[in-house]
Protein chains: 4
Amino acid sequence: MKTSEKIVHASLKLFNTKGERRITTNHIAAHLGISPGNLYYHFKNKEDIIRSIFSLYEAHLHAGFQPYAHKHVSVELLIGYFDTMFNILWRFRFMYTNLTYILSSDEALLQRYLQVQQLALDRSSNILGQLKRDGLLDVDDDKIMLLADTMRMVACFWIGYKQTHSSSIAITKTCLYEGILRVIMIFKAHATPISIATFNRLEEHYQTLHSLQAAKHSS
Amino acid sequence: MKTSEKIVHASLKLFNTKGERRITTNHIAAHLGISPGNLYYHFKNKEDIIRSIFSLYEAHLHAGFQPYAHKHVSVELLIGYFDTMFNILWRFRFMYTNLTYILSSDEALLQRYLQVQQLALDRSSNILGQLKRDGLLDVDDDKIMLLADTMRMVACFWIGYKQTHSSSIAITKTCLYEGILRVIMIFKAHATPISIATFNRLEEHYQTLHSLQAAKHSS
Amino acid sequence: MKTSEKIVHASLKLFNTKGERRITTNHIAAHLGISPGNLYYHFKNKEDIIRSIFSLYEAHLHAGFQPYAHKHVSVELLIGYFDTMFNILWRFRFMYTNLTYILSSDEALLQRYLQVQQLALDRSSNILGQLKRDGLLDVDDDKIMLLADTMRMVACFWIGYKQTHSSSIAITKTCLYEGILRVIMIFKAHATPISIATFNRLEEHYQTLHSLQAAKHSS
Amino acid sequence: MKTSEKIVHASLKLFNTKGERRITTNHIAAHLGISPGNLYYHFKNKEDIIRSIFSLYEAHLHAGFQPYAHKHVSVELLIGYFDTMFNILWRFRFMYTNLTYILSSDEALLQRYLQVQQLALDRSSNILGQLKRDGLLDVDDDKIMLLADTMRMVACFWIGYKQTHSSSIAITKTCLYEGILRVIMIFKAHATPISIATFNRLEEHYQTLHSLQAAKHSS
DNA sequence: AATGAATGAGTGTTCATTCAT
DNA sequence: TATGAATGAACACTCATTCAT
């Protein structure tokens, strides 16, 4: 692995575990056993490292949220979308821990975030629209966007919400599954008689994963 | 007004307008025309000032979210609750701008926050329960808490959400009314035929306020 | 003496002896036995210290180069002007060691320097004009300014010239007297039969001072 | 062109346009599209590059300031000397921008500079002596050296003087012609009735060049 | 109650230079 | 010859906090 990649990955790991605020460039260098000068050889500054991490984030989002092009909605299809959501939240949890903090100190990054989020919102709205046209979703046409937006909001701030509204500070996969389940709950409220079974199976799928994850750490 | 009170109010004002991160204790002292030493005579440290602001916050929450003791739900009653929500979000918007940041650096504060939020959640759940019993809300008994929780989450992170998912960084009353309307939207989804008119009037009330506020600044 | 004054004087002393380039803010603080934080309590940054020194410089220039208001030119009068020149060059020799370096990194300082130098040039030109009108100086009217300018240039760069065109790097009073003598030489070239004796006495005065100074250090 | 020569020429160009202080060895390497390691293969350090540039400087000085061996002084002859002066000042203007800065950090370089300057001074003095013997210059024998020295000083510090005593920071050919004219002014003050016409033509020559250069950039 | 000078550990960053390949 | 990753000492500067008065 190249040093610059090592720096990106070590930074992501340290940010995720200790929080971006508490990790200085010297910490990252020390963690990798390289000199601060070397770190600055590969990256202009700390912002630059974060931007590189953000590029990974963008790539994940683009790859995961592909337009919906299927005839029939299936549990597998929806699971694909929610798994993407889960993976992104988990991999880049340091961002979602403190979105405001991270985006408020770098205007250019905010713009990139807005752009990629707009795309993601468009694609989600599109999927919801298709589901509605397929008779699988019961929602007014002019409320589709708002539903997608609310689901996004819950997803984006679930980590922050958990960290501030529960005693356990650490972000765990268990807690992320709870977030997914909450988003599904909002989603499922608009199920049709035709699709309700599908939604139930979707929910059960993540409930199982949630229980398994919780069991892993309580045992 | 006593110096310690002046410090609390000046800090709140400065935090709200410039952000807690950017305001140093020296800024606060300079703003009041007092010495930093004097500030530290009244407060142990910056955390201590924030804790004092937090006491105001607690008082507001306690006063605003009184248990529901009425026979008949009225628009005025619900408006009372939502006005409290609006006022608290506005007065202490620096907190809601970056809840994670502020609570993550002070464990004791987080505990106090959890406590007061638990109380608020209990009371909201209670109100929702009463509304259900009065036939004004259509929701499963075991989902009441979750509904209250979701409404709370949207309220608590609306400011952060707006700041990170829109180009306009400044927090305005207009943007807060939008948040209130979104919470009402989630709320109204569970209206019964008996209460739908009431919910509609509630929504219209805030839509009017939102429009008025928006007009004030666009003209 | 107040700390801020101590900082200014210590900085001036260190700059004069070691050169501004080689003296960091930490050096200054360490030299005074104070913390770097304290230094930054009194001065915004290194530039700020230099600007304070520059204020002293301006005061010296203003005080020393008073307009010429006398009927008869006397050796004492001219000595007054040249003594001012000598004192300023000596007190602020770190500046004259490397004028370009110091002024090129602070645009605002360059502007202040230009202003005070313009004033000094105006006053010198004025004096030369008066001398001419008194029949003590033989120079074309349109060359007065150029003569003053050339004298200024030699004065301002004498230190730099000596440091780069002689083996002895250290700036001494002896070397400054040489500079004064060189300026006087250019000046004296325009003496009239009436004033030649005065110019000679002026020159002899500084030749004596030069010799005395040189003797002090060679013995 | 060999890499080492490329480095020397690129460095000279970059130093002249951006200033030696602001150009790092990495800048030079990047400008040439070579690696910093390669640069250090050819040169021990930055100082070493400057010393190589200095060798070019020495060669120019030696070639330009040939001993005076002519019977009759002519405008062309003097123009030859002043053109050399102009060319050297222009080609190596980064040095003259900040002579003290560059020479003070490299003792060996200062010694070489002193040597080549001594030679140049000797030759200039020699020329002045010949001119005097030819009846073309009116100056005391014991003042010849001082006259040569003053002329040199004005030439060597004219760039620095302009940069610190005028608002326009950029060094232009126009500004260098001004410097030449100032040196000629000091020179011409010692013209004899026999040589005055020659001096006038010399001055006019550079006045024309100065005007042409100025016109080029104002139009 | 109040002053304001003083602290000092810490931050992100720079750049001439080295060295294994 | 050439690469380019790596070094590390140095720098200017910040800010919550302390303390003598």
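Note that the structure is predicted; figures quoted are calculated from it, not measured.
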Rounded to the Å, how far apart are B:Tyr41 OH and F:dC19 P?
-> 16 Å

Rounded distance in Å - CD1 (C:Ile34) to P (E:dG4) = 18 Å

In whole angstroms, how far is the C1' atom of E:dT3 from the NE2 atom of C:His42?
-> 13 Å

For E:dA1, take OP1 and OP2 only and decide whether either is under 4.0 Å from a side-chain N or O of B:Thr3.
-> no

List the atom of C:Thr3, the atom of C:Asn38, and the distance in Å for their closest heavy-atom pair.
-> CG2-ND2, 4.2 Å

Among F:dC11, F:dC13, F:dA2, which nucleotide sits nearest the side chain of C:His27?
-> F:dC11

Atom OH of C:Tyr40 and atom P of F:dA12 are separated, to the nearest Å, by 6 Å

If we take the C1' atom in both F:dT21 and E:dA1, what is their distance in whole Å?
-> 13 Å

CZ (D:Arg112) with more than 12 external heavy atoms under 6.0 Å = yes

For F:dA10, which nucleotide in any strand shown is its Watson-Crick or wobble partner with both distances under 3.5 Å?
-> E:dT13

Please say whether more than 12 non-hydrogen atoms of neighbouring residues, nucleotides or ligands are located less than 6.0 Å from CZ in D:Arg91.
-> no

Is there a Watson-Crick or G-U wobble partner for E:dT21 with both distances under 3.5 Å, and if so, which one is it?
-> F:dA2

Please report, rounded to the nearest Å, how far the P atom of F:dC13 is from the CG atom of C:Asp48.
-> 10 Å

Of D:Arg22 and C:Ser4, the one whose closest nucleotide on DNA chain E sits nearer the 5' end is C:Ser4

With sugar-phosphate meaning primed atoms plus P, OP1 and OP2, does D:Thr25 contact a base, only sugar-phosphate, or nothing at under 4.0 Å between heavy atoms?
-> base

Where does the angle between the aromatic ring planes of A:His165 and B:Tyr113 fall among parallel (under 30°), tilted (30 to 60°) and perpendicular (over 60°)?
-> perpendicular

Listed nucleotide nearest any side-chain atom of D:Ser35, set E:dA16, F:dG4, F:dT7 = F:dG4

Can you list the steps and then say if A:Thr164 with B:Phe157 is a side-chain contact (heavy atoms from CB on, under 4.5 Å)?
-> CA-CA 11 Å; A:Thr164 50; B:Phe157 284 88; 3.6 Å; yes

Select from A:Gly37 and B:Lys44 the residue whose nearest nucleotide in DNA chain F is closer to the 5' end of that strand.
-> A:Gly37

Using whole Å, report how far NZ of B:Lys46 lies from C1' of F:dC15.
-> 9 Å

Could you state the atom-to-atom distance from CD1 of A:Ile7 to P of F:dT7 in whole Å?
-> 10 Å

Between the side chains of B:Gln111 and B:Glu107, is a donor N or O closer than 3.5 angstrom to an acceptor N or O?
-> yes

Among the nucleotides E:dA9, F:dA2, F:dT17, which one has an atom lying closest to any side-chain atom of C:Pro36?
-> E:dA9

In the structure shown, which nucleotide is the Watson-Crick or G-U wobble counterpart of E:dA1, with both distances under 3.5 Å?
-> none

Looking only at side-chain atoms of A:Asn38, point me to the closest of E:dA16, F:dT17, F:dT7.
-> F:dT7

Interatomic distance, D:Leu32 CG vs F:dG4 C1' [rounded to whole Å] = 16 Å

Choose from E:dT7, E:dA16, F:dA2 the nucleotide whose nearest atom is closest to any side-chain atom of D:Thr24.
-> E:dA16

